[in-house]
Every structure is written in structure tokens, then in C-alpha cells.
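These notes concern the structure reproduced below.
Just so it is clear, the values below take in all heavy atoms, side chains as well, and ignore hydrogens, waters and symmetry mates.
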Amino acid sequence: MDTEQLYQTYRMLLFSLAYRMLGSVMDAEDIVQDAFLAMNQLPSDANIRNEKAYLCKIVTNRCLNLLQSSAKQREVYVGTWLPEPLVHLEDVSSDPSEIYQQRETISTAYLMLLQQLSAIERAVFLLREIFQYPYDQIAGMVGKSSFNCRQIFHRAKKGIRHEPPDIATSTVTETQVRQFIQSVIAGDANRLLQLLSPDAIHYTDGGGKAPAAQQPVVGATRVIPFYMQWMDWFGRPDSHYSYIITTVNGSPGIVMRIGGRIAYVYSFEASDSRIHSIYAVANPDKLKYLEEVVR
């Protein structure tokens, strides 16, 4: 295949790998573009037996390099770090069971879980668990032996399994999201109490560049007063806000504009039919790309 055919065939696959590795839409897009540029610059007589695996290798290694170079920056990040919200989703597969898995593994909760793995653990885990590569091919991609990759994978999988059980994995429904935002705007604390799990958690990522709670707000009895502080603002006649309910990280979420600018993107997780986790990204650096995506 020529480069254009490769791009059309593998772009979303490579983006899915890079986004899960990095938690950044913009960085993932840049790395995928660089991968195809590198492929295009190969000499015409280059012998690439498996173009898909070769592209995955380029993307994986560039992600590892970027994670290594940005490690110190992450250490001094102000407040809670959340992944860049992925608004809308092009499905890599047309198989319903595979689409479900893809959406589950780009949820905000899942991406935060992946951040607890080292960069190399994350790469091996994703290539094996999500993309189903054999260990010998993973070994070639990450520069480890097949045996080491097997060990790394089992260590990573064991670590994820032993995460605290309060991390929700079920997706929220559009009805729940719609009722949530309507209750916040209306100041309906009783309805919020019905919608939220008693141990609900609210996370805000402002990155030190937007108003945000520096620590997670834990428990419905604290989350609801936190939102009550917004309610007076929503009722002001000079408050210019709008919102849409759309797909955020594979499930229904909210994109909110204030004064015409995208100011917050919300994603949710549910547990036992109630909202358990609320993730609000307000860091303007993580929302820049959305001005071109969300109209």
C-alpha cells in the first residue's frame, strides 16, 4: 500500500494506541502524523514485511520517548491530572463487541488507571490486552525479549486488578447526564442526591490555569454543596453559558461554553445505576483542539 492507503487504513488504530498511552489527543495526533511521515521517507527499496506492526512500533517508541521527556513536567502538575477529553469517537472496528471494548478502554477512569503503570508497562499491556499482539511482535516494538514482555504484561495486569474497588467501570447513560446537568442548573439538590452514589467523587483538572478544586471532592454530601456554589451563577441574568450533551471518552458527557468559549468538558462513570465519578476538564491547554471539533 502507498502512504495514503496506509493512512486511511491504520490512522484510527494508531491514534487509539497513542491516545491510550499518552492521555493527550493533540500529542497522539502529532505522533500519528510523524509516524506516517517517517514511513513516507523510507527508501523505495525498504523491505517492510508487516506495515501495521512497523507503524505501531514507531508510534509506541515515540510515545515512550515523549512520556520519558515529560515525566518531570507531570510531577509538578498543579492539582488533579485528567486525560484530555476525547469528544466524539470514530470506531476502529465495526464489530459491536469490539466497539464496546474500545469505548470501555478510552473511558476517563480506565485512562487514569493506565497512568498508574510505568510507560513500558503501559505499552506492553495495551499492545497485548487491547490490540492482541503476540509477545514476539511486542518484543520487537519495545526492545525487550518476548519473555520479559510476558512478565511485564502479567505484572501490569495484576497491578490493575488490584486497584481499589471503588473505581467505576460501567458507563453512564445519556438520561443520567441530562438529568444531572438540569438538576445542577435548577439547583435541585434533592434530585442530585438521587442521581449520585453516596460515595460519589468529583475531579477537576484546571492545571493551575483555570478555577478548579485542587483535590477530589469525595462523597455526595460534599459534591452537592460544591455544585450549589455554581447555582447562583447559573441563575444570574448576565451569565452567558450553553452546553451540549455529546460523546466524551466513549460515553455521554457534557461540553460547556461560558462566554462563547469551551470552559468545561465533563465525563462520567456510573455504579449501581447512579453516577459515581464526575470528571471535569477545565485546563484550557487541554480544550484548545475542541474549538475546531465542537460547533
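- For Arg150, there are no salt bridge (Lys or Arg N to Asp or Glu O under 4.0 Å) partners, not counting sequence neighbours.
- In this structure, Ile31 CD1 and Met21 CE are separated by 8.5 Å, a value rounded to the nearest 0.5 Å.
- A donor-acceptor contact under 3.5 angstrom links the side chains of Asp205 and Tyr77, judged on distance only.
- Under a cut-off of 6.0 angstrom, the local environment of CD in Gln214 is crowded, with over 12 non-hydrogen atoms contributed by other residues, nucleotides or ligands.
- Summarising the local packing, CD of Gln151 is surrounded by more than 12 heavy atoms from other residues, nucleotides or ligands at distances under 6.0 Å.
- Within the 3.5 Å criterion, the main-chain N or O of Gln5 finds no donor-acceptor partner in the side chain of Gln8.
- A donor-acceptor pair under 3.5 Å is formed between the side chain of Arg122 and the backbone N or O of Leu117.
- No side-chain heavy atom of Ser197 sits less than 4.5 Å from a side-chain heavy atom of Asp272.
- The side chain to side chain contact (heavy atoms under 4.5 Å, CB included) test with Leu287 singles out one residue from Asn283, Asp285, Leu290, and that residue is Leu290.
- Using a 30° and 60° split on the angle between ring planes, Phe125 and Phe153 fall in the parallel class, below 30°.
- Between Tyr227 and Phe180, the gap from one ring centroid to the other is short of 6.0 Å.
- Applying the salt bridge (Lys or Arg N to Asp or Glu O under 4.0 Å) rule to Asp30 yields no partners; only residues at least two apart in sequence or on another chain are considered.
- Arg155 meets the salt bridge (Lys or Arg N to Asp or Glu O under 4.0 Å) test with Glu121; sequence neighbours excluded.
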Could you give me the CA-CA distance, side-chain angles and deciding distance for Arg257 and Glu291, then say whether salt bridge (charged side-chain N to carboxylate O under 4.0 Å, His left out) is met? CA-CA 10 Å; Arg257 291 183 182 271; Glu291 295 294 347; 3.1 Å; yes

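- Remark: the Asn40 side chain and the Tyr7 side chain contain no N/O donor-acceptor pair separated by less than 3.5 Å.
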